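Taking it in order: structure first as structure tokens, then the write-up.
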Amino acid sequence: MSLVTMSYLLKKAQKGHYAVGAFNFPDLSSIQGIAQAAAAKKSPVIIMPAVLTMNEMGDEMCYSTIETISHEYPDIDIAIHLDHCSDFERIKRCIDYGYTSVMIDASAYPFEENIERTCRVVEYASRYGVTVEAELGHIGGTEDDISVDERDALFTKVEDAVEFVKQTNVGALAIAVGTAHGFYKSTPKLDFDRIAAIRAAIDVPLVLHGGSGVPDEDFKKAIALGITKINVGTELKVHGNFDVQKAAYATADHGDVRKIQALVRAKTQEIVEHKIDVFGSAGKMVEA
Ligand code: 13P
């Protein structure tokens, strides 16, 4: 049995001063690649369907596929986490299917409403021991064309984080500190002082979204200052699939799908293993 709650993984990581990687996947082969990487590195891992993937594969199918794959890795702790969801009924259904962790993203709403919507999910999830992640501030996408001042205004404020955690009792908090979802047009500038200030003010594990394209040294610094979970998506979607498919179609058999899947698994494993090394979670499954 290797499924665990996200809180369990993150509390251990907080004590050990490393971060646990949370990976989105576009297909089954990618889930296998993520699990293989975690097993090869003896690292805990968070596997997280994004809503757009769930729309393709099905909410319950995503859960049961990961759960089935987890049987192959009884020694690896795996959390199955629903990424960014704003729909309470859908979150509830995912908890009922067995997801060990969920993210309620009500960050687009005013502060008080974000609290209300988050509390509703925490109340339901806590009955089943399921961890809840929420977002405060606005992380956004790299495609958002906004000025530096506008961007800074969307960053998570320390005093808001204190109040939010006090009122919601969330298990993890995604903070806006300079990263964004998707590929960056230029190197992202992380607000390290803000990470340190939020960490000093609250104990809840902090989450960095938008991991694709963040330099390794920035990850290490962010972890040293208090980040405990790091989300990576786009890099696996594009490098994990698109590039290898192009390579496969150039081969003699023009990309037998099974061969493409093998390439996707291998490429995904390679990317995830590297992240695990950078995040410092390698070998943590063999330590006491
Ligand atoms: P990237 O796609 O930019 O890696 O971000 C993933 C993420 O934060 C998912 O919540």
Side-chain angles (χ1 to χ4, degrees), residues 6 9-10 19-27 30-31 33-34 37 45-57 62 66 79-87 90-91 94 99 101-108 118 121 131-144 146 151 154-156 170-190 195 205-216 218-219 222-223 227-243 267-268 270-276 278-279:
M6 198 164 78
L9 290 186
L10 298 186
V20 183
F23 301 97
N24 292 132
F25 56 84
D27 63 2
S30 307
I31 306 175
I34 295 165
V45 72
I46 298 161
I47 306 183
M48 53 174 193
V51 161
L52 287 178
T53 305
M54 293 162 73
N55 290 346
E56 298 297 326
M57 288 176 69
C62 280
I66 304 167
I80 305 181
H81 173 71
L82 163 64
D83 199 16
H84 292 276
C85 188
S86 54
D87 176 351
R90 191 171 192 173
I91 293 174
C94 286
Y99 281 70
S101 172
V102 293
M103 177 181 188
I104 160 74
D105 182 357
S107 61
T118 301
V121 172
T131 310
V132 178
E133 175 181 335
E135 176 172 324
L136 187 61
H138 183 69
I139 295 164
T142 49
E143 70 285 356
D144 294 351
I146 55 174
R151 202 182 63 125
L154 301 173
F155 281 5
T156 309
V170 279
L173 186 67
I175 53 172
V177 289
T179 54
H181 298 108
F183 276 125
Y184 297 95
K185 293 176 200 137
S186 55
T187 310
K189 270 181 71 78
L190 271 68
I195 296 174
L206 302 177
V207 185
L208 187 71
H209 280 239
S212 298
V214 172
D216 290 350
D218 285 2
F219 278 136
I223 294 165
I227 291 291
T228 309
K229 169 181 179 249
I230 300 178
N231 287 12
V232 179
T234 305
E235 220 171 308
L236 297 180
K237 191 170 61 188
V238 179
H239 290 162
N241 273 351
F242 184 64
D243 291 353
K267 187 70 191 172
T268 302
E270 180 191 318
I271 296 169
V272 174
E273 281 195 25
H274 176 73
K275 298 290 185 220
I276 285 173
V278 174
F279 298 167

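All residue numbers in this chain count up from 1 along the given sequence. Counting starts at 1 for both ligands and their atoms, in listed order. These numbers come from a predicted model, not from an experiment.
- Residue H84 comes nearest to V51 through the heavy atom pair O-CG2, 3.4 Å, listed as atom of the first residue, atom of the second, then distance.
- Defined by atom type and a distance below 3.5 Å, a donor-acceptor pair is present between the side-chain atoms of D83 and N24.
- Relative ring orientation between F23 and F279 is described as parallel, the plane-to-plane angle staying below 30° on a 0-90° scale split at 30° and 60°.
- A side-chain donor from one of H274 and D216 sits under 3.5 Å from a side-chain acceptor of the other.
- For T118, the side chain to side chain donor-acceptor pair (under 3.5 Å) partners are N114, not counting sequence neighbours.
- At a threshold of 4.5 Å between non-hydrogen side-chain atoms, the residues E135 and V207 do not count as touching.
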Quick check for students: name every N or O atom pair between ligand 1 and the protein closer than 3.5 Å, with distances.
unit_1	atom_1	unit_2	atom_2	d
ligand 1	2 (O)	T234	N	2.7
ligand 1	2 (O)	T234	OG1	2.5
ligand 1	3 (O)	G182	N	2.9
ligand 1	4 (O)	S212	N	3.0
ligand 1	4 (O)	S212	OG	2.6
ligand 1	4 (O)	G233	N	2.8
ligand 1	5 (O)	G210	N	3.3
ligand 1	8 (O)	H181	NE2	3.1
ligand 1	8 (O)	H209	ND1	3.3
ligand 1	8 (O)	G210	N	2.8
ligand 1	10 (O)	D83	OD1	3.2
ligand 1	10 (O)	D83	OD2	2.8
ligand 1	10 (O)	H84	NE2	3.2
ligand 1	10 (O)	H209	ND1	3.0
ligand 1	10 (O)	N231	ND2	3.0

